[in-house]
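Working notes for the structure below.
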Amino acid sequence: MQEQIQAIRGMGDVLPPDSALWQHVEATIRSVLLDYGYQEIRVPIVERTELFKRSIGEVTDIVEKEMYSFDDRNGMSITLRPEATAGIVRACMEHGLLRNQRQKFWSTGPMFRYEKPQKGRYRQFHQFDVEALGFTGPDIDAELIIMLARIWRLLRIEHLSLQINTLGTTESRVQYRADLMAYFREHFAQLDEDSRRRLERNPLRILDSKNPDLQGLITAAPRLTQYLDAESEAHFDGLRALLDDAGVPYVVNPRLVRGLDYYGRTVFEWVTDRLGTQGAVCAGGRYDGLVEHLGGEPTPAVGFAIGLERLVELYALAGLGAPSRVPDVYVVAVGEGATRCAFRIAESLRDGAAALRVETNCGGGGFKAQMKRADRSGATVAVLLGEDEVSSGTAVVKPLRTELEQTTVPMAGLADAIAVHLRSRP
RNA sequence: GUGGGCGUAGCUCAGCUGGUAGAGCACUGGAUUGUGAUUCCAGUGGUCGUGGGUUCAAGCCCCAUCGCCCACCCCA
């Protein structure tokens with residue numbers, strides 16, 4: 001016997017009934033984004049490895065050990081995208097979409113990161129990504145966050161809290177970073193193993209440490225706010241004012257930093273405590289330096305990514321289900337003549353003014369078996385066709401959700417007879 | 001990458017200190033010959049993740065491997 005081929009580690013399937021949950025979550029998000037004037041952009045799942053190295057940063061975990069990189073047949077190194085921003089920015093530059101223009105884009109699809117899978121963390125995962133390019137002021141930052149709050153509200157998702165912070169400009173952060181590094185070097189002996197490792201590569205992350213032994217040291221560390229330039233401070237104040245006006249609650253978390261190098265000024269994160277340790281459902285921020293860094297004109301930009309697996313899981317926990325889509329009619333047909341008749345009837349009911357949702361029995365079976373299927377389909381009424389009906393040109397209409405009696409009607413009156421039952425649907 | 005737990009029918013699981021597998025749900029059929037969701041009866045379905053090893057004998061023990069789960073790390 002042949003070995004069963006399994007899915008690749010960390011790459012899951014979405015099956016019914018979960019797929020209905022995904023559909024609902026995705027449709028809700030898409031609809032809000034379109035309403036706010038964001039347009040869809042579709043970019044390849046594979047890009048040149050160089051793009052991600054340059055945009056995400058050479059010394060990040062993502063680039064160093066999490067990318068799915070391959071050589072293609074010409075020996076060019078290509079990579080399954082670990083995130084969406086790089087590809088979208090590349091596309092914008094390539095097609096001249098940023099020349100004196102502003103763009104509001106959204107995109108969605110799978111991302112790939114070679115990590116050890118656990119709850120809320122997969123090797124193939126899905127994001128909804130939004131990028132606003134060419135906007136400088138805090139208004140667009142606020143719009144993104146307010147828009148997200150609306151999405152959560154429409155999905156009736158609770159237990160999500162918003163944290164925001166500002167990282168200031170690149171210049172101010174460079175200074176802060178240097179001073180912070182110096183501070184932790186002075187207290188090197190007190191640092192744990194993780195923090196020592198972070199010290200050289202990303203000292204800001206030490207501030208994020210969960211180790212209780214370090215909290216005193218962290219509290220006494222230099223604060224980014226002390227380094228903020230006036231402009232960044234004003235930008236952040238502007239954002240907060242707009243969020244306050246909109247009634248979107250938030251917590252300013254001075255320790256909130258980002259794993260990707262290109263962020264500056266606004267950063268934000270929606271987190272939950274309901275999904276275990278991988279609690280970041282949506283994260284984003286400003287990356288004013290990225291376009292220039294990739295060789296384009298200096299272009300302000302801000303965006304976010306929603307982790308769909310995590311969001312769907314959170315939605316599932318709320319137990320709200322998905323809007324169900326059941327047929328109006330299930331056509332039961334026993335015998336070859338009846339089957340042919342059933343197909344004609346089904347199509348004409350679908351074509352009719354009422355545009356009925358019709359499921360036709362396929363796969364044969366007697367009346368009993370077909371009635372069972374009709375019931376399980378969730379249909380409101382069953383239309384029954386057998387030898388007798390075919391020869392007399394009639395059909396039986398049987399309500400499945402009410403106690404009303406079934407009726408036998410001539411073919412021409414079928415749609416009307418069905419309509420009666422659909423109106424009295426519970 | 002580091003640690004811990006788990007892997008028995010499609011699904012949820014039971015299987016005592018090792019003696020070659022069971023339940024519920026689902027599915028199929030039946031309870032007077034053309035009719036569902038209740039009830040009753042019967043049936044299909046598993047080389048116990050995979051590969052080795054120990055043993056007279058392994059689902060239960062050992063090793064390896066694949067996968068899942070949880071935490072660290074990181075992040076969506």
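Just so you know, these numbers come straight off a predicted model, no measurement behind them. Numbered from 1 within each chain, the chains take letters A, B, ... in sequence-line order.
No cation-pi contact links A:Arg81 to A:Phe52, judged by a cut-off of 6.0 Å to the six-membered ring centre and 45° from its axis.
Put simply, CD on A:Glu66 is 8 Å from P on B:C75, counting in whole angstrom units. Regarding A:Leu311, its CG atom lies at a distance of 16 Å from the C1' atom of B:C75, rounded to whole Å. Atom-to-atom, CG of A:Leu15 to P of B:C11 comes out at 10 Å; the value is rounded to the nearest Å. Rounded to whole Å, the distance from CD on A:Gln370 to P on B:G36 is 12 Å. For A:Tyr114 and B:C75, the OH to P distance is 19 Å, given to the nearest whole Å. One atom, CE of A:Met67, and another, C1' of B:G1, lie 17 Å apart when rounded to the nearest Å.
Not a single donor-acceptor pair, N or O on each side, falls under 3.5 Å between the base of B:U35 and the side chain of A:Lys368.
Residues A:Lys104 and A:Tyr36 approach most closely at NZ-O, 3.1 Å, considering heavy atoms.
Taking atom P on both nucleotides, B:U20 is separated from B:C70 by 36 Å, rounded to a whole Å. Here, B:G4 and B:A14 have their P atoms 24 Å apart, quoted to the whole Å. Straight-line distance between the P atoms of B:G53 and B:C72: roughly 40 Å, to the nearest whole Å.
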Contact state string [nucleotides 64-69 of chain B, B base, S sugar-phosphate only, - no protein heavy atom under 4.0 Å]: --SSS-
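Taken to the nearest 0.5 Å, the CG atom of A:Leu133 stands 7.5 Å off from the CZ atom of A:Phe105.
Note on A:Val281: only backbone sugar-phosphate atoms sit closer than 4.0 angstrom, heavy atoms only; bases stay farther off.
Between A:His24 and A:Tyr315, the angle of the ring planes lies from 30° to 60°, which puts this pair in the tilted group.
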